[in-house]
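Shown next, in C-alpha cells, is the structure this report addresses.
Read the numbers this way: they start at 1 and go in the same order the structure lists the ligands and their atoms. Note that this is a predicted model, so its numbers are computed, not measured. Both backbone and side-chain heavy atoms feed into the values below; hydrogens, waters and symmetry mates do not.
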Amino acid sequence: MNIERSIPNFADPLLHARGLYIGGQWEAGGGIPVFDPSTGRTLAEVPDANVSDAMRAVEAAEKAAAGWRATSARQRAEILRRWFELMTRHAEELAHLISLENGKALPDARGEVAYAAEFFRWYSEEAARIPGEHRHTPSGSHNILVDHEPIGISLLITPWNFPAAMATRKIGPALAAGCTVILKPASETPLTAYAMARLGEEAGVPAGVVNVITTTNPGAVTSAMLADHRVRKLSFTGSTGVGRILLAEAAKSVVSCSMELGGNAPFIVFDDADLDAVLDGAMVAKMRNAGEACTAANRFYVQSGIHDAFVAGLTERMAALKVGPGTDPGTQCGPMITKKAVEKIDRLVSEAVSRGARVHTGGAPLPGSGFYYPPTVLDNVPVDASMASEEIFGPVAPVYRFETEDEAVRLANDTEYGLAAYIYSRDLKHAMRVGKRIETGMLGINRGLMSDPAAPFGGVKQSGLGREGGVTGILEFMEAKYYAVEF
Ligand code: NAP
C-alpha cells in the first residue's frame with residue numbers, strides 16, 4: 001500500500017514529506033517501516049538516521065542558531081503564527097495522516113490537530129512577552145537585572161500517542177525563545193512529524209532552525225548528540241523508563257532536561273457527584289485516543305453509594321462505542337498502536353480477572369488483522385492488581401470501590417506517578433480540599449479533560465520534571481542571566 005492511495009483527498013504535496021530534514025534539505029531514504037495499526041500492513045518507509053546523520057543535524061542547528069537568536073520576537077512570532085494557520089488549513093489531511101499511522105479515530109485526530117496547532121498560536125503570542133526583571137538589592141548596593149536568553153540547541157524527543165501535539169508543544173516554545181531544534185519523533189508515527197516540518201518550511205522557518213531525524217537506534221544517536229557540548233537542552237516526552245535512561249545520559253554533559261513521563265491517573269468519584277457529568281467526564285478521561293494518553297484515567301475509585309450506578313452507566317456507554325479503523329467514518333475507538341500494546345493490555349486484564357475482577361463489557365482482544373482491544377469495564381478489581389500500578393494505555397476502565405475520603409486519597413497516592421488526577425463532587429470546597437491532598441501535577445475537578453496550551457502541563461514524582469505550555473513553558477528553553485548593575 002502506498003500512502004497517497006490510502007488517503008483519497010491527500011492531494012497536497014506539502015504533506016508527502018518523509019525524508020530526513022537536515023539544514024533545510026530533504027534526504028530521501030528507507031529502513032524504518034511505518035505500519036497501519038488497523039491492518040498491520042506497511043504504509044510507508046522513512047529513513048533510518050545513524051550517528052553521523054544526527055551530528056549533521058547538530059551542525060545544521062548550530063549553523064542556524066546565531067541568525068535565529070538574532071531575529072526579533074515579532075519575526076519569530078509571525079513565523080509561528082503562519083505555521084499555526086497552515087496547520088489549520090491542512091487540518092483534515094493532517095488528521096487523516098495521524099489517524100492512519102497512529103490508529104486513533106478521526107474525531108480524536110481532528111482534536112489533536114486543533115490542540116497541536118494551538119501551541120504555535122499560543123507561543124506566537126508568548127514570543128513577544130518574554131519576561132525580564134529589575135530589583136534593588138536589599139542592602140542597596142546595586143541593581144539586579146534578570147534577562148532570559150535562549151538556552152541553545154534543543155533536542156526534542158516525542159512519543160507516538162500524540163504525533164503532532166507532542167512535537168508542537170516543544171517546537172512552539174523553543175522557537176519562540178530563539179532556540180534551534182532537532183526533533184526525533186517516535187518510529188511508529190514519523191509521517192506526521194515530517195509533514196509538519198514541511199508546513200514549517202512553507203511558513204518561513206529558516207533552514208536548520210528545525211531539523212527532523214528518524215532512527216532505529218535512538219540510544220546511540222541521542223547519546224552522541226547529548227555528548228556534543230553545543231546541545232544544551234533535552235526535552236523528552238515518553239515513558240518513565242526511557243526518561244530515566246536519558247536523564248543519566250544528559251547528566252554526563254550537564255544538559256538541562258524537561259521530562260514529560262508516564263502517568264497513572266486516579267479518577268475519584270464521591271457519592272454526591274452528578275452522575276451524568278461523571279459519566280461524560282469518565283468517557284473523555286478514559287477514551288480520548290482510545291485510552292492511549294498519559295493523562296488517561298487508569299484507576300476509577302468510586303464511593304460505595306454511587307458505585308453500582310457508575311459501573312452500569314459506564315458499561316452502557318463503553319459497550320456502545322464503535323470500534324474500527326481510525327479513518328472509517330463512525331469509528332469511536334481505533335486500534336492500539338502495536339500488537340505488543342494489545343498483549344500488554346491482555347496481560348493486565350487477564351491477571352485482574354484471575355484475581356476476582358468482574359468483566360462488564362469487553363475483556364479480551366478482538367480477533368482478525370489489526371491491533372484491536374475493545375472498550376472494557378471491570379469492577380471488583382483488587383487494589384494491588386498490576387493494572388493499578390502500570391499504565392494500561394488502552395480502553396480498559398478498572399473500577400475500585402471505596403468508603404471514606406482518607407481511603408480514596410491513600411489509594412490515589414499509592415503510585416510512583418503523579419501526572420494527572422480527577423475528582424468529581426458537587427461540593428467544590430470538598431473537591432478542592434481533597435485535591436490539595438493528591439500528589440499530582442494536574443487535577444481535573446468535575447472535568448475529564450485538562451490539556452490546554454495556556455496551562456502548565458507536567459507531573460510530579462516519577463511523572464517528570466518541568467512544565468510544558470502556559471506562560472512558563474517558554475522558560476524551559478531559556479536561561480536566566482543576572483546582571484549586577486551599578487546606576
Ligand atoms: P517511549 O518508548 O519512552 O518512547 C518515546 C520516545 O523516546 C520515542 O521517540 C522513542 O523512539 C524514544 N526512545 C526510546 N528509547 C530511547 C533511548 N534509549 N534513547 C533515546 N530515545 C529513546 O514512549 P512511547 O511508548 O512512545 O510513549 C508512551 C509513553 O509516553 C507513556 O508512558 C506515556 O505516559 C508517555 N507520555 C507522557 C506524556 C506527558 O506529557 N507526560 C505525554 C504523552 C505520552 P522510538 O520510537 O524510535 O523507540
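Residues E118 and M87 are not in side-chain contact: their nearest non-hydrogen atoms beyond the backbone lie 4.5 Å or more apart. The side-chain heavy atoms of W68 and P206, taken from C-beta on, include a pair separated by under 4.5 Å.
Residues satisfying the ring pair (Phe, Tyr, Trp, His ring centres under 6.0 Å) criterion with F393, sequence neighbours excluded, are W160. A search for ring pair (Phe, Tyr, Trp, His ring centres under 6.0 Å) contacts involving F162 returns nothing, not counting sequence neighbours. In this structure, the side-chain contact (heavy atoms from CB on, under 4.5 Å) partners of A285, at least two apart in sequence or on a different chain, are F267, A297, Y422.
More than 12 heavy atoms of other shown residues, nucleotides or ligands fall within 6.0 angstrom of atom CD in E416.
Within 4.0 Å of ligand 1, counting heavy atoms only, the contacting residues are I157, T158, P159, W160, N161, M166, R169, K184, P185, A186, S187, E188, T215, P218, G219, T222, F236, T237, G238, S239, V242, L246, E260, L261, G262, G263, C294, E391, F393, L419, F457.
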